Amino acid sequence: DFDEEVETLRRGLVAVKFSKEFKQHIRRPWAKAFIVKVYGRIVGLSFLQAKLLALWKLAGRLDCADLGHGFFLTRLSLKEDFENVLRKGPWFISDHFLFLRLWEPNFKLALANVSSIAVWIRLNELPIEYYNVEALQHIGRAIGNVLRGDTFTVSETRGRFARLCVQIDVDKPLVTTIMIGRLEQMVSYEGIQKLCFGCGRLGHSKESCSYTIRQESPS
């Protein structure tokens with residue numbers, strides 16, 4: 001079970017417990033949901049929803065909710081849309097990077113690590129013996145939590161590079177090299193290698209950013 005139950009209660013605290021089956025039931029509708037934010041730009045709910053519909057070209061329904069502080073919850077009705085959004089990223093809205101992370105149980109904005117985002121990495125010229133699901137998971141975890149593996153990579157049909165979707169903390173320096181035994185394996189990031197996590201634009205670092213966040217009309 002994902003949750004840890006509180007065994008000892010302090011004065012004034014009461015506990016509510018749900019069965020594992022019931023928690024799975026109430027969380028199931030949110031399994032195909034993302035937490036999103038437009039980096040470096042404050043946008044309204046209707047503006048974001050319209051942009052996402054145009055950008056993602058979904059076959060099913062999109063529901064959006066404003067979580068506050070520039071973060072939004074987006075839920076997709078179809079699994080194929082969910083997989084396509086995750087696989088085809090990174091995404092940009094008006095040249096600004098779209099922060100994307102998977103929804104998780106008990107997500108509370110005030111307590112969550114909101115600097116953690118989902119990105120795709122490439123391991124170029126990875127030796128063929130490491131094109132193994134367990135090996136790729138192990139390598140990927142050196143960078144962050146592994147969310148997905150590219151299906152072509154896992155089936156060994158794309159021998160030039162391995163591709164993994166991992167969750168990274170943008171407040172920390174990007175990992176550029178992984179040591180696998182004595183092998184130095186270079187790591188590249190799809191679409192964010194030269195991304196400023198201050199303004200959300202490509203081409204410069206946060207430290208040298210000269211842009212300021214501007215308000216977008218909510219209409």
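Not measured: the values here are computed from a predicted model.
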**Student:** Is the CD atom of Glu134 crowded by more than 12 outside heavy atoms at less than 6.0 Å?
**Tutor:**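 12 or below, so no.
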**Student:** List the atom of Leu136, the atom of Ala162, and the distance in Å for their closest heavy-atom pair.
**Tutor:**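 Closest heavy-atom pair between Leu136 and Ala162: CD2-CB, 3.8 Å.
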**Student:** Do Met179 and Val166 share a hydrophobic cluster, counting only Ile, Leu, Val, Met, Phe, Trp and Tyr and linking them when any side-chain heavy atoms are less than 4.5 Å apart?
**Tutor:**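 Shared cluster, no.
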**Student:** Is there a donor-acceptor pair closer than 3.5 Å between any side-chain N or O of Asp81 and the backbone N or O of Ala59?
**Tutor:**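 Such a contact is found between Asp81 side chain and Ala59 backbone.
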**Student:** Taking atom SG of Cys165 and atom CZ of Arg87, what is their separation to the nearest 0.5 Å?
**Tutor:**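 Atom-to-atom, Cys165:SG and Arg87:CZ are 11.5 Å apart.
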**Student:** To check you understand the geometry: which heavy-atom pair defines the closest contact between His25 and Pro29, and what is its length?
**Tutor:**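 In this case the closest contact between His25 and Pro29 is O-CD, 3.4 Å.
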**Student:** Can you confirm whether Asp63 sits close enough to Leu73 that some side-chain heavy atom of one is under 4.5 Å from a side-chain heavy atom of the other?
**Tutor:**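 SC-SC contact between Asp63 and Leu73 ruled out.
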**Student:** Check the pair Ile180, Leu126 against side-chain contact (heavy atoms from CB on, under 4.5 Å), reporting the backbone distance first and the verdict last.
**Tutor:** CA-CA 10 Å; Ile180 307 174; Leu126 181 71; 4.2 Å; yes
**Student:** What distance do Phe18 atom CZ and Gln24 atom CD have between them, rounded to the nearest 0.5 Å?
**Tutor:**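 CD of Gln24 is found 14.0 Å from CZ of Phe18.
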**Student:** Counting C-beta onward and ignoring hydrogens, is there a side-chain heavy-atom pair between Arg41 and Ser94 closer than 4.5 Å?
**Tutor:**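 SC-SC contact between Arg41 and Ser94 confirmed.
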**Student:** Does the cation-pi check pass for Arg163 over Trp120, that is, NZ or CZ under 6.0 Å from the six-membered ring centre and within 45° of its axis?
**Tutor:**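 Relative to the ring axis of Trp120, which defines the angle, Arg163 lies inside both limits.
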**Student:** Got a second to check how far Ile139's CD1 is from Leu164's CG, nearest 0.5 Å?
**Tutor:**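 One finds 8.0 Å between CD1 of Ile139 and CG of Leu164.
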**Student:** Phe82 vs Phe34 aromatic rings, parallel, tilted or perpendicular, using cut-offs 30° and 60°?
**Tutor:**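 Taking Phe34 first and then Phe82, their aromatic rings lie parallel (interplane angle under 30°).
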**Student:** Testing Asn124, Thr176, Ile121 one by one against Ser188 for a side chain to side chain contact (heavy atoms under 4.5 Å, CB included), which residue passes?
**Tutor:**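 Answer to the side chain to side chain contact (heavy atoms under 4.5 Å, CB included) test with Ser188 among Asn124, Thr176, Ile121: Asn124.
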**Student:** What is the distance from atom CZ of Arg101 to atom CD1 of Ile35, rounded to the nearest 0.5 Å?
**Tutor:**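 Rounded to the nearest 0.5 Å, the CZ-CD1 separation comes out at 7.0 Å.
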**Student:** Working to the nearest 0.5 Å, report the span between CG of Leu78 and CG of Leu58.
**Tutor:**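 Leu78 CG to Leu58 CG: 8.5 Å, rounded to 0.5 Å.
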**Student:** Would you say Val38 and Phe71 make side-chain contact, with heavy atoms under 4.5 Å?
**Tutor:**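 No; the side chains remain at least 4.5 Å from each other.
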**Student:** Is Glu83 salt-bridged to Lys32, cutoff N-O under 4.0 Å?
**Tutor:**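 No salt bridge links Glu83 with Lys32.
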**Student:** What do the steps show when you test Leu52 against Trp91 for side-chain contact (heavy atoms from CB on, under 4.5 Å), and what is the final call?
**Tutor:** CA-CA 10 Å; Leu52 292 182; Trp91 302 97; over 6 Å; no
**Student:** Closest heavy-atom contact between Val175 and Ile178?
**Tutor:**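 Heavy atoms only, the tightest pair is CG1-CG1, 4.2 Å.
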**Student:** Are the side chains of Ile42 and Phe47 in touch, meaning some heavy atoms are under 4.5 Å apart?
**Tutor:**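 The answer is no, as the side chains (C-beta and beyond) never meet within the 4.5 Å cut-off.
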**Student:** Check whether Met186 and Tyr131 end up in the same hydrophobic cluster, where Ile, Leu, Val, Met, Phe, Trp and Tyr are linked by side-chain heavy atoms less than 4.5 Å apart.
**Tutor:**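 Per the 4.5 Å side-chain linkage, Met186 and Tyr131 are not co-clustered.
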**Student:** Please check: side-chain N/O of His96 versus main-chain N/O of Tyr39, any donor-acceptor pairing under 3.5 Å?
**Tutor:**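 Yes, the answer is positive, given that a donor and an acceptor are paired below the 3.5 Å cut-off.
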**Student:** Is the shortest heavy-atom distance from the side chain of Thr74 to the side chain of Trp56 under 4.5 Å?
**Tutor:**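 Thr74 reaches Trp56 side chain to side chain.
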**Student:** Determine whether a donor-acceptor pair (N or O, by modelled atom type, separation under 3.5 Å) exists between the side chain of Glu190 and the backbone of Lys88.
**Tutor:**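 Between the backbone of Lys88 and the side chain of Glu190 there is no qualifying donor-acceptor contact (under 3.5 Å).
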**Student:** Nearest 0.5 Å, what's the CD-CZ distance between Gln49 and Phe72?
**Tutor:**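 Between atom CD of Gln49 and atom CZ of Phe72 there are 10.5 Å.
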**Student:** Using side-chain heavy atoms (C-beta onward) and a distance below 4.5 Å, is Val187 in contact with Ile143?
**Tutor:**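 The answer is yes; the side chains approach within 4.5 Å.
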**Student:** Do Leu100 and Ile117 come close enough that some side-chain heavy atom pair is under 4.5 Å?
**Tutor:**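 A side-chain contact under 4.5 Å is absent here.
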**Student:** Look at the side chain of Trp30 and the backbone N and O of Glu104, then say whether any donor-acceptor pair between them is shorter than 3.5 Å.
**Tutor:**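 No; judged by distance alone, with no hydrogens or angles, the pair does not exist.
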**Student:** Mind checking whether Gln185 and Pro127 have side chains closer than 4.5 Å, heavy atoms only?
**Tutor:**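 Yes, close enough: below the 4.5 Å cut-off.
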